Amino acid sequence: MSVPILTVDGPSGSGKGTLSRIVAHHAGWHLLDSGALYRLVGLAGRKRGLGEDDIEGHARLAVAMDVRFGVGQEAELVLLDGQDVTDAIRTEEAGRDASRVAAWPPVRASLLERQRAFAQPPGLVADGRDMGTVVFPEAALKVFLTASAQVRALRRYNQLKEKGSGASLSALSREIAERDARDSTRAVAPLVPARDAEVIDSTGLSIGEVAACVIELGRQRGLWT
Ligand code: DC
């Protein structure tokens, strides 16, 4: 029997991560944070001293790296080769590295099986850029979440401030625009909504409102009660 899958795709700062966590919790389903896998490939490459243009080396790491996702005392825990890298993969530099390695077809191909292995009963919420278009084209429900670039930069700014890291709003806006452009125009698996995706613009909505909307869509499709 096939495992039901909800895909949540969209640009940085659209609220995909939070939405995916809320819905996975509501449904009691597994969660795949595919962006974390690209971040881990970038970080693993740095730790091994790979060149910034070593595509094949990064593709091999994508298959070989030992990754564990777990839950720590309060929040998520990500281990790379046994080391806690939960915070290290969330820096702006790690985001830039992730976006660079994510543009390379051999790296994307190497991560396919790893991502598909997350589809386990009773179901999976898969968060990323190409979950509905490439990795899980057969998903029962596909959501594409957007928000204006201005609102996304502001959300990221507030997130960083909460964590105590300083950031400039204008630098973040520039960074987000550059990353959007790179992620949307790359040749392989660009950031576009699947033809059968439900597109939700979260610009004027709270995360609770977006979650309620997606939970209702899933209920209408018989994914949960
Ligand atoms: O969602 P995130 O910021 O953690 O993703 C980091 C980078 O990885 C982002 O620049 C786009 C890339 N990515 C991707 O190409 N495909 C995915 N399924 C997820 C992330």
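Just follow the structure's listing: the first ligand is 1, and inside any ligand the first atom is 1. These numbers were taken from a predicted model, which means no experiment stands behind them.
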Short side-chain to backbone donor-acceptor contact, Arg155 and Ser14, under 3.5 Å = yes
Any idea which of Gly35, Ala36, Ala102 brings a heavy atom closest to atom 20 (C) of ligand 1?
-> Gly35
Is it true that atom CZ of Arg48 has more than 12 heavy atoms of other residues, nucleotides or ligands lying nearer than 6.0 Å?
-> no
Which ligand 1 atoms are under 4.0 Å away from a heavy-atom of Met131?
-> 18 (N)
Check ligand 1 against Arg179 and write out every atom of the ligand that is under 4.0 Å from a heavy-atom position of the residue.
-> 3 (O), 10 (O)
Would you mind running through ligand 1 and noting each atom that sits below 4.0 Å from a heavy atom of Arg39?
-> 2 (P), 3 (O), 4 (O), 6 (C)
Check whether any side-chain N or O of Thr203 sits under 3.5 Å from a backbone N or O of Ser148 as a donor-acceptor pair, and report yes or no.
-> yes
Tell me: protein heavy atom nearest atom 7 (C) of ligand 1, and distance?
-> Ala98 CB, 3.7 Å
Proximity of Arg182 to ligand 1 by residue part, where a heavy atom lies under 4.0 Å = neither
For residues Gln120 and Val3, report the shortest heavy-atom separation together with the two atoms involved.
-> O-CG1, 3.4 Å
Under 3.5 Å: N/O of Ser12 near N/O of ligand 1 | no
So which protein heavy atom does atom 8 (O) of ligand 1 come closest to, and at what separation?
-> Tyr38 CB, 3.6 Å
Decide side-chain hydrogen bond (donor to acceptor under 3.5 Å, both in side chains) for Arg179 and Ser99; before the verdict, give the C-alpha distance in whole Å, the side-chain angles of both, and the deciding distance to 0.1 Å.
-> CA-CA 7 Å; Arg179 203 185 305 173; Ser99 176; 5.1 Å; no
In terms of side-chain geometry, is the basic nitrogen of Asp97 or Lys47 positioned less than 4.0 Å from the acidic oxygen of its partner?
-> no
Compute the shortest N/O to N/O distance between Arg129 and ligand 1 and return yes if it is under 3.5 Å, no if not.
-> yes
Would you find more than 12 non-hydrogen atoms of other residues, nucleotides or ligands less than 6.0 Å from Glu209 atom CD?
-> yes
Determine yes or no for a side-chain-to-main-chain donor-acceptor pair under 3.5 angstrom, with Arg108 supplying the side chain and Ala103 the backbone.
-> no
Counting heavy atoms under 4.0 Å, the part of Arg186 that contacts ligand 1 is side chain
With a 4.0 Å cut-off on heavy atoms, does Arg108 reach ligand 1?
-> yes
Do Ser34 and ligand 1 have an N or O pair less than 3.5 Å apart?
-> yes
With a cut-off of 4.0 Å, which atoms of ligand 1 are near a heavy atom of Lys16?
-> 1 (O)
Those atoms of ligand 1 less than 4.0 Å from some heavy atom in Ser99 | 10 (O)
Heavy atoms from other residues, nucleotides or ligands near CD of Glu162 exceed 12 (cutoff 6.0 Å) = no
Would you say the side-chain atoms of Arg221 pair up with the backbone N or O of Ala140, donor to acceptor, closer than 3.5 Å?
-> yes
Please identify which atoms of ligand 1 are closer than 4.0 Å to at least one heavy atom of Asp183.
-> 9 (C), 10 (O), 11 (C)
